[in-house]
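Worksheet for the structure shown next.
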Amino acid sequence: MKHVSFLLGIAMLLVIVANAQINLPQTWKFHTGDDPEWNQPDFNDSQWENIKIGSPWEDEGHPGYDGFAWYRTKVLIPSSLKSKSSLSQSLKIALGKIDDGDQVYLNGKLIGQNAERGGTIEQGDYNAERVYELPIDDPAIRWDQENTIAVRVLDHGGDGGMWAGPYYVNTTGISDYVTIDDHTDNFHFRERTHLSKKIMLKCTSDQGHFSGKLTIQVVNPDNQQAVWEKAVPASFSASRPFAYTYSFTLPADRSYEAKYVFTDSRLKGSVTAGEGIPYILTPPPSQKPQINGATVTGVRMGHPFLFRIPATGKRPMEFFAKDLPEGLHLDKATGIITGTVSTAGAYRVMLTAKNSMGTADRELTIKAGDMIGLTPAMGWNSWNVWGLSVNEKKVEAAADAMLKNGLANHGWTYINIDDGWERPERAANGEIVPNSKFPDMKALANYIHGKGLKMGIYSSPGPKTCGGFTGSYQHEAQDAHTYAGWGIDYLKYDWCSYGGIAPKNPDLYWYQKPYKLMDSALQTVSRDIYFSLCQYGMGDVWKWGAEVGGNSWRTTGDINDSWQSMSGIGFHQNKCAPYAGPGHWNDPDMLVVGEVGWGPSLHNTHLSPNEQYTHISLWCLLSAPLLIGCDMSHMDDFTRSLLTNDEVLALDQDPLGKEATQVAEIDSVRIYKKDLVDGNKAVGLFNVSSGPASVRLDFSTLGLSGSQRLRDLWRQKNVGTFTGSYEAKNIPAHGVLLLKVTGEK
Ligand code: GLA
């Protein structure tokens, strides 16, 4: 009987043996609070509640809970996990990401904390992957028996708990010692479909010499057929990595995957890696002039106006502006309009760009009144790339790159410094002072303005910012004046450390108070400062952000360059959508395409190319502020193509300012619709599954009847005219088909 119940018990643990790896159960035992007894294997947790791991405990029935809590599970660890290879082995337990700090016990023994970053549980990094290892002969491991994993978590604020996987137990093998590094280099486009890339084989610990074969395949994801393949001999050791550059031609401008396999000739097992291959859909800009970007802009009376006409086409180019309001002046050579407007009104100005290839005209409405941010801000922000390591040189380089890359010709305007610029002490008169990384803010603003671009800065309403720098607490009016004096055009205003000023569970009054205060300070300065609230959506900020003067407000916590983060944010904006409109936008956080890093060392985004198409398409449909978060001075062709598609960007900048919502979900495809000012609809067909998907787009889902003309916006090509519905075929995994739908008259 005992034996049978033991076996049943094991079956109940929902342990799945797949590829020799033991996947941990999805449901664990959970208790808030803290007690050292809870790490013990024989502690009876049967009265504890069941909780799903893989999402924050806020989403699993504990909204707003901060502090200590424990998760426990049981798992059978079979000795078959041990391999007979000559490599030295450890047992590893993967527990994904834990918000914020953790200590992990196996059968009562502490085996790791905070992803072994040292320090105490108070110093955990919510975003670090937890994989804890212990020697294979450690007596704490109960081979072929039930083991108890207990996880003690401390959450300081916001979301908490075991919020993201993967969750498994395995022994280390060749794949723990050999890495296929496909992130050292980007794909290089020699022509649109001719690419090359360097990949490296590295040995991550001194386990001797590896020798075998590296196979590279380019695979069509629809049928898993290789369209190109190569195998090369490879040998390497810890001190001597192996590098190989492969080049190939893609049969078409569409999604393919690269698969890499290293097989060692002596050892069991192989190491695999894979990635999406970027494909450029945006057509190259014509040599003929074309005016891009927003068709409407706002300015307050008597405040400095700055607008650089965004135009693509061969240089030199000459610019003209007919019916400019009095007080504004155009520099014909640069296309930069400056000055002030003293009379309220909506001025319809005809802009012209002319070069040796032709002429382009486009109307711009300048609304002089009390509103700015009439379309979502487009620019760059230092955070997702440089984090706290931002400095003047990097900001100047961003402004230079904005022009050199041609991004400014597509409407990109703001160059925003995020956290990390402030000195710890204020001046004797209380003024905020930049630290030594920013020797002269005013000169920097002049430099940026000289290019026709605008400059942004960052602060927090508490005494300290999120990065621990000086915040604006009790200096709000003074700071607003200092910013204006420097020439700042955009203020991102966080929440950090205001939690210590407001009561523990703030009500609406407290949520709004710091923003009202800064807004009234900004109202007294004589320049337009776009006011960007950053308090992660607390108190349903979308319902009142506009009321407290916000031109935009973050609706979520911080984004990172993973599918889980980007899609988790992007596909959960429906509830906020009704509150967006000209002058006030929902902000699902900044972009994570290109080289990102949140600190001095950068990596190419971990989003696949298809996920990046989804990211940009979705943010444009959502009328989101678009803030590039990568190193623009090293921008590859693919990233540039994502950020310079005028038909896609036009959705974001559409003057109607209607945010898209999801109108249907058919199997794995989410259908988003955005109403446009010209009566047309923009439609995103997003495939959230990990394989290609086809879907029928029924026009009645969009509220349309009759024949519809479809245009593929990324390719800038008409698809055809259809009646009733359209069959969209093979939308790539995590990818999108972005359409404009126009009713046939
Ligand atoms: C918060 C914000 C980020 C960034 C950092 C700076 O986390 O959400 O976007 O501004 O602060 O410390």
Side-chain angles (χ1 to χ4, degrees), residues 281-283 285 290-297 310 312 362 364-365 373-379 407 409-413 552 566 569-571 573-574 576-591 593 611-628 641-663 670-686 697 701-704 708-719 728 731 735-743:
L281 297 179
T282 304
Q290 177 178 300
I291 300 177
N292 307 305
T295 54
V296 60
T297 188
T312 42
R362 198 163 88 159
L364 170 74
T365 304
L374 298 182
T375 61
M378 284 176 68
L407 261 69
N409 298 339
H410 298 270
W412 298 93
T413 303
S552 63
M566 185 277 290
I569 291 174
F571 292 120
Q573 299 295 310
N574 275 349
C576 317
Y579 303 94
H584 45 90
W585 310 99
N586 290 307
D587 175 4
D589 207 1
M590 303 177 287
L591 303 177
V593 299
E611 291 167 356
Q612 295 179 63
Y613 276 115
T614 288
H615 184 22
I616 303 299
S617 306
L618 188 52
W619 263 237
C620 288
L621 286 169
L622 295 175
S623 313
L626 299 177
L627 290 162
I628 299 169
S641 79
L642 287 172
L643 300 172
T644 54
N645 190 312
D646 298 304
E647 295 196 20
V648 175
L649 295 173
L651 303 184
D652 184 70
Q653 296 293 303
D654 187 78
L656 187 64
K658 270 286 229 162
E659 179 170 337
T661 51
Q662 184 177 308
V663 291
R670 297 179 180 195
I671 303 179
Y672 273 68
K673 181 193 77 165
K674 177 177 166 77
D675 295 327
L676 302 173
V677 74
D678 55 10
N680 296 327
K681 315 279 178 207
V683 176
L685 305 176
F686 294 97
L697 170 64
T701 322
L702 309 172
L704 298 174
Q708 306 298 328
R709 210 165 59 235
L710 303 190
R711 184 166 171 83
D712 180 327
L713 293 180
W714 279 108
R715 293 180 173 83
Q716 301 188 357
K717 272 196 186 137
N718 293 333
V719 185
I731 306 170
V736 60
L737 178 64
L738 186 63
L739 298 169
K740 184 158 173 172
V741 181
T742 306

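Computed over heavy atoms, backbone and side chain alike; hydrogens, waters and symmetry mates excluded. In this text, all values refer to a predicted model and were calculated from it rather than measured experimentally. The first residue of the sequence shown is numbered 1, and numbering continues consecutively from there.
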Decide whether [X] and [Y] meet the rule of one side-chain donor and one side-chain acceptor closer than 3.5 Å.
X: D587; Y: S552; value: no
X: N586; Y: E659; value: yes
X: K674; Y: S623; value: yes

Nearest non-hydrogen partners of [X] and [Y], listed with the distance:
X: G293; Y: P310; answer: CA-CG, 4.3 Å
X: W619; Y: D589; answer: NE1-O, 2.8 Å
X: A294; Y: L364; answer: O-CD1, 3.8 Å
X: G684; Y: V736; answer: CA-CG2, 4.4 Å
X: G570; Y: L622; answer: O-CD1, 3.7 Å

Taking the side chain as everything from C-beta on, heavy atoms only, tell me whether [X] gets closer than 4.5 Å to [Y].
X: L642; Y: L591; value: no
X: P625; Y: M378; value: no
X: P376; Y: L626; value: no
X: W714; Y: V648; value: yes
X: N718; Y: R709; value: no
X: Y613; Y: L738; value: no
X: L697; Y: L685; value: yes
X: L407; Y: T644; value: yes

[atom1]/[X] to [atom2]/[Y] distance, rounded to the nearest 0.5 angstrom?
X: L643; Y: I628; atom1: CG; atom2: CD1; value: 4.5 Å
X: L713; Y: L737; atom1: CG; atom2: CG; value: 9.0 Å
X: K717; Y: L710; atom1: NZ; atom2: CG; value: 15.0 Å
X: L618; Y: M566; atom1: CG; atom2: CE; value: 7.0 Å
X: K681; Y: T742; atom1: NZ; atom2: OG1; value: 10.5 Å
X: D646; Y: T312; atom1: CG; atom2: OG1; value: 5.5 Å

Ring pair (Phe, Tyr, Trp, His ring centres under 6.0 Å) partners of H410, counting only residues at least two apart: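 Per chain and number, H410 pairs via ring pair (Phe, Tyr, Trp, His ring centres under 6.0 Å) with no residue.
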Check whether any side-chain N or O of [X] sits under 3.5 Å from a backbone N or O of [Y] as a donor-acceptor pair, and report yes or no.
X: D652; Y: A624; result: yes
X: Q708; Y: G743; result: yes
X: T282; Y: S641; result: yes

All side chain to side chain contact (heavy atoms under 4.5 Å, CB included) counterparts of K658, not counting sequence neighbours: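 Once residues adjacent in sequence are excluded, the partners of K658 under the side chain to side chain contact (heavy atoms under 4.5 Å, CB included) criterion are L656, D675.
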Partner residues of K740 under the salt bridge (charged side-chain N to carboxylate O under 4.0 Å, His left out) criterion, sequence neighbours left out: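 D678.
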Whether Y672 and F571 hold their rings parallel, tilted or perpendicular, with breakpoints at 30° and 60°: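 Judged by the thresholds at 30° and 60°, the geometry between Y672 and F571 is tilted.
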Single hit among L676, N680, L704 for side-chain contact (heavy atoms from CB on, under 4.5 Å) with V741: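 Going through the options one by one, the only one that passes is L704.
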Verdict with supporting geometry, N292 and L649, side chain to side chain contact (heavy atoms under 4.5 Å, CB included): CA-CA 9 Å; N292 307 305; L649 295 173; over 6 Å; no
